[in-house]
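Numbers here simply count residues along the sequence, with the first being 1.
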Amino acid sequence: MKKWLYGLAALVLLLLLGVFALTRFVDTDRVKRLLVEQTREKTGRTLVIDGELSWRFFPSVGFTLGKTSLLNPPEFEQGATLSVGEVSLDVALKPLLNNRLEIGQAVLNNARLHLITHKDGSTNLDDLRNLGQADTDSGAGPEPAGGEPTAQRELQFVSLAGVTVTDAEVLLQDERTDTLTRLNRVNLQLDRFAPGEEVPVSFSGNLFSDDVQASMDASGQLWLAPEFDHLRFDNLEFNAGATGRAVPGNKALKLSGDLAYNIAGKQASFSNVNMAVGSLMLDGELNVKHGPEIPEIRFTLHTPLLDLEQLSQEWSSEQGASGAAATSGDEPSAKRAKLPPSVAAGEPDLSILNKLDVKGSLSADKLKVQGMEMEGLTLEVWVHEGQASASDINARLYDGVLNGEVSLNANRAPASFMLNTSLQNVDGFRLLNNAAGIDSLEGRASVAVNVAGRGLSEQAIKKSLTGTSRVEFADGALRGVNIAAMIRRGYAQVKGLPLPDDNEPQKTDFSALTADFDIGKGSISTQNLRLASPLLRVRGEGETSLLDESLNVLLNTSIVGSLKGQDGESLDELKNITVPLRISGSYKEPRYTLDMQQVFDLYLKEKAGKEAERVKRKLNEKLGGELGDKLNEKLPGLLDKLGL
């Protein structure tokens with residue numbers, strides 16, 4: 001037992017002697033001077049070490065360097081690019097005695113990085129990024145005359161096992177956009193610093209800018225090129241909770257994928273993207289080049305569901321119970337059919353379009369907009385210099401297809417827009433019912449729309465909209481009216497017959513319905529509405545107001561088939577008469593009325609004409625000759641005076 005205690009005492013004594021020798025014979029001031037000199041030689045910058053360099057021996061041999069700052073290059077404002085409250089390093093002692101710096105674990109407390117970008121795009125990190133390339137180009141260094149190498153006494157960096165950053169701050173000052181972005185409470189854990197190898201890394205912090213405030217955390221595998229010119233984050237997992245002027249309410253963002261970043265080119269490439277924010281989920285590829293004054297964004301993205309009304313409500317500045325109620329699935333589609341709140345409330349702020357350069361393709365398995373549902377949506381998106389467009393739009397909806405394009409110009413207020421789209425062979429009833437709450441028309445529909453306007457508020461759209469539209473329905477029906485039954489009842493009234501029972505379905509079948517529409521001055525009008533059925537031929541004209549949704553349409557109906565009366569007798573007397581049918585009310589609740597006075601007048605005129613023909617025939621038969629001719633000349637005038 002005593003031998004074991006003697007051995008332990010000897011070991012402790014040797015350790016204490018080693019510590020004493022280390023603190024006495026290793027000149028810490030010399031180490032500080034070497035750090036300052038090496039920094040100036042390698043970077044041309046000034047390293048300021050205000051704190052002391054002190055040794056520590058537990059739990060590992062290392063030293064702690066007090067407050068230290070790396071000053072900005074001469075062409076930037078005075079101040080530090082990087083300052084650290086305290087740097088703690090685990091150091092291998094034997095290599096240090098030979099001017100070799102092998103660091104086990106570096107811990108930075110209260111660090112502050114101030115990144116400045118001038119208007120020309122240069123930054124106060126450019127010279128540091130070029131160090132690796134400069135060292136590679138410089139080779140092993142000069143040799144003295146005579147070929148004998150000079151003994152190298154420089155402190156040489158060999159390795160760094162890992163980095164821990166606690167409670168740091170990052171300031172991003174961009175003079176091009178006159179913005180200042182701040183990251184605080186930054187914590188970083190890098191298992192080891194090994195260029196050319198993948199190493200685990202984790203990060204957390206808080207973001208503050210003029211438009212966004214957020215808390216963030218991320219983790220992944222970091223790979224840094226030996227030349228220090230590009231890096232990768234594989235299996236990146238990023239989470240953030242954000243709010244602010246650009247993020248109404250509180251939004252949770254989840255992002256995963258593989259990020260490659262070109263440091264010199266200031267370009268980030270994000271592959272295998274999976275993102276979820278609010279009700280929006282995206283996957284695909286994303287590239288961002290932030291070096292130019294206006295960031296360049298390129299993408300190929302896909303989403304299983306793109307619900308524009310839901311997204312509009314989520315990103316509207318006015319959220320709450322009313323927004324939640326508007327999305328209730330229990331409400332009738334007619335009540336849900338309205339412009340998104342952000343559009344209906346007033347002109348949106350589109351100034352961000354001047355700060356973006358965007359080009360990419362977007363696809364959605366399902367799209368919901370204005371009460372309509374589409375599938376298989378694909379489109380090309382473009383945003384540049386205050387203008388935006390969506391082209392090559394293709395989708396399936398209601399058993400048909402949609403093609404079109406839309407553009408927006410926000411360089412003048414209010415913004416102007418253009419829409420050119422076509423629908424082919426869609427279920428017209430479902431389309432109109434879901435899009436506008438109209439349930440009075442059914443059939444296979446083809447629609448072409450070419451419109452333009454200024455302003456994106458609901459009233460501005462209605463007032464400024466101009467353009468044309470072509471509508472074609474096949475094998476359909478007008479719901480809510482039975483034109484044939486209305487004519488039969490009108491005929492019975494004119495003839496003084498009992499009115500037929502009004503128990504027939506309120507529906508008028510047709511084989512084709514076509515119309516060309518002119519859109520402008522807050523209304524939609526047509527002069528060539530045509531409807532064809534086995535019994536009827538209809539020609540119509542009229543208009544509907546976009547402002548109050550009122551209808552004023554006149555349908556001139558001709559009977560071409562065999563229309564039966566109450567007793568089954570054919571109403572052949574009406575075959576040559578045009579029966580006027582007026583549609584009033586609104587396009588959601590139309591009212592149909594037959595102009596009975598005009599039917600009565602036409603009936604009497606037709607009857608009088610036939611009677612006049614019969615009288616002339618009789619006179620010609622009985623009187624003949626000159627007297628008959630004179631009576632024929634006078635008879636029309638006489639009938640006119642009699643009102644016949």
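A salt bridge links R470 with E472: the distance from a Lys NZ or Arg NE/NH1/NH2 to an Asp or Glu carboxylate oxygen falls below 4.0 Å. For R430 and E373, the salt-bridge test fails: no basic side-chain N is under 4.0 Å from an acidic carboxylate O. Salt bridge status for K368 with E309: absent, with no side-chain N to carboxylate O gap under 4.0 Å. In summary, K119 and E175 do not engage in a salt bridge, as defined by a charged side-chain N under 4.0 Å from a carboxylate O.
When all heavy atoms are compared, the tightest approach of V426 to G400 is CG1-CA, 3.8 Å. Heavy-atom minimum distance, R185 versus N187: O-ND2, 3.2 Å. In this structure, S361 and E380 approach most closely via the heavy-atom pair CB-OE2, 3.4 Å. Heavy-atom minimum distance, A445 versus G428: CB-CA, 4.0 Å. When every heavy atom of S523 is checked against every heavy atom of E543, the shortest pair comes out as OG-OE1, 3.7 Å. L280 and L306 get closest at one heavy-atom pair: CD1-CD1, 4.0 Å.
Two residues are said to be in side-chain contact when any heavy atoms from C-beta on lie closer than 4.5 Å; V358 and F299 meet this criterion. Within the 4.5 Å cutoff, the side chain of T123 has heavy atoms near those of the L115 side chain. The shortest distance between side-chain heavy atoms of R454 and R412 falls below 4.5 Å. Two residues are said to be in side-chain contact when any heavy atoms from C-beta on lie closer than 4.5 Å; V201 and D191 fail this criterion. Considering only heavy atoms from C-beta on, I524 comes within 4.5 Å of I519 through its side chain. Between F203 and V186 there is a side-chain heavy-atom pair separated by less than 4.5 Å. Contact check for L551 versus S584: no side-chain heavy atoms found under the 4.5 Å cut-off. I483 has its side chain within reach of L536: a pair of non-hydrogen atoms, C-beta onward, lies under 4.5 Å apart.
No side-chain donor from either of N552 and S550 sits under 3.5 Å from a side-chain acceptor of the other. Defined by atom type and a distance below 3.5 Å, a donor-acceptor pair is missing between the side-chain atoms of R182 and N206. In summary, the side chains of H302 and D283 do present a donor paired with an acceptor at a separation below 3.5 Å, with no hydrogens or angles considered. Side chains of S279 and E314: a donor-acceptor N/O pair is present below 3.5 angstrom, by distance only. Side chains of N287 and S269: a donor-acceptor N/O pair is present below 3.5 angstrom, by distance only. In the model, S391 has no side-chain atom that pairs as donor or acceptor with a side-chain atom of S389 under 3.5 Å. N403 and N394 are linked by a side-chain donor-acceptor pair at a separation below 3.5 angstrom, with hydrogens and angles left out of the test. N354 and S351 share no donor-acceptor pair across their side chains, judged by distance under 3.5 Å alone.
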Query - Pair V199-L190, side-chain contact (heavy atoms from CB on, under 4.5 Å): steps then yes or no - result: CA-CA 7 Å; V199 295; L190 182 66; 3.5 Å; yes
Query - Evaluation steps, side-chain hydrogen bond (donor to acceptor under 3.5 Å, both in side chains), between S219 and D217 - result: CA-CA 7 Å; S219 62; D217 66 79; over 6 Å; no
Query raised in the report: Going through the checks in order, is the salt bridge (Lys or Arg N to Asp or Glu O under 4.0 Å) test met by E237 and K254?
Result: CA-CA 8 Å; E237 296 285 343; K254 292 185 177 181; over 6 Å; no
**Report entry** Check against side-chain contact (heavy atoms from CB on, under 4.5 Å), H230 and W223
**Finding:** CA-CA 9 Å; H230 58 282; W223 180 89; 3.7 Å; yes
Query raised in the report: Should S122 and D120 be marked as a side-chain hydrogen bond (donor to acceptor under 3.5 Å, both in side chains) after you check the CA-CA gap, both sets of side-chain angles, and the distance that decides it?
Result: CA-CA 6 Å; S122 61; D120 61 2; 2.7 Å; yes
Report task. Verify side-chain contact (heavy atoms from CB on, under 4.5 Å) between D234 and L259, making sure each step is shown before the conclusion. Result -> CA-CA 6 Å; D234 293 333; L259 174 65; over 6 Å; no
Requested in this report: I would like to know whether T300 and E285 meet side-chain hydrogen bond (donor to acceptor under 3.5 Å, both in side chains); could you show each step before the answer?
Outcome: CA-CA 5 Å; T300 301; E285 313 288 329; over 6 Å; no
Query raised in the report: Are L207 and T181 close enough, and set up right, to give a side-chain contact (heavy atoms from CB on, under 4.5 Å), and what steps lead you there?
Result: CA-CA 7 Å; L207 170 69; T181 302; 3.2 Å; yes
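Atoms CG and CG, on N411 and L353 in that order, are 9.0 Å from each other to the nearest 0.5 Å. Between atom CG of residue L183 and atom CG of residue L171 there is a gap of 8.5 Å, rounded to the nearest 0.5 Å. Atom CG of L253 sits about 10.5 Å away from atom CE of M216, to the nearest 0.5 Å. Between atom CG of residue L529 and atom OG1 of residue T514 there is a gap of 7.0 Å, rounded to the nearest 0.5 Å. Note that CE of M372 and CG of L402 are 8.0 Å apart. Values are rounded to the nearest 0.5 Å. The structure places OG1 of T508 at 11.0 Å from CG of L441, a figure rounded to the nearest 0.5 Å.
R232 CZ: more than 12 foreign heavy atoms inside a 6.0 Å radius. Within 6.0 Å of CE on M281 lie no more than 12 heavy atoms contributed by other residues, nucleotides or ligands. The local environment of CG in D178 is sparse, with at most 12 non-hydrogen atoms from other residues, nucleotides or ligands closer than 6.0 Å. Open room surrounds CD1 on I352; 12 or fewer heavy atoms of other groups in view lie less than 6.0 Å from it.
Between the side chain of S469 and the main chain of F517, no donor-acceptor pair closer than 3.5 Å is present. Judged purely by atom type and a 3.5 angstrom limit, N420 has no side-chain atom pairing as donor or acceptor with the backbone of A448. Side chain of D357 to backbone of I294: no donor-acceptor contact under 3.5 angstrom is found. Without hydrogens or angle criteria, Q213 side chain to S209 main chain gives a donor-acceptor distance under 3.5 Å. The closest donor-acceptor contact from the side chain of D509 to the backbone of A477 lies at 3.5 Å or more, if one exists at all.
With Y398 as the partner, the side-chain hydrogen bond (donor to acceptor under 3.5 Å, both in side chains) test is satisfied by one option alone out of N433, N434, D427: N434.
Relative orientation of the Y261 and H290 rings is parallel, given thresholds of 30° and 60° on the angle between their planes.
Figure legend: R479 and F429 shown as a cation-pi pair, the cationic atom lying under 6.0 angstrom from the six-membered ring centre and within 45 degrees of its axis.
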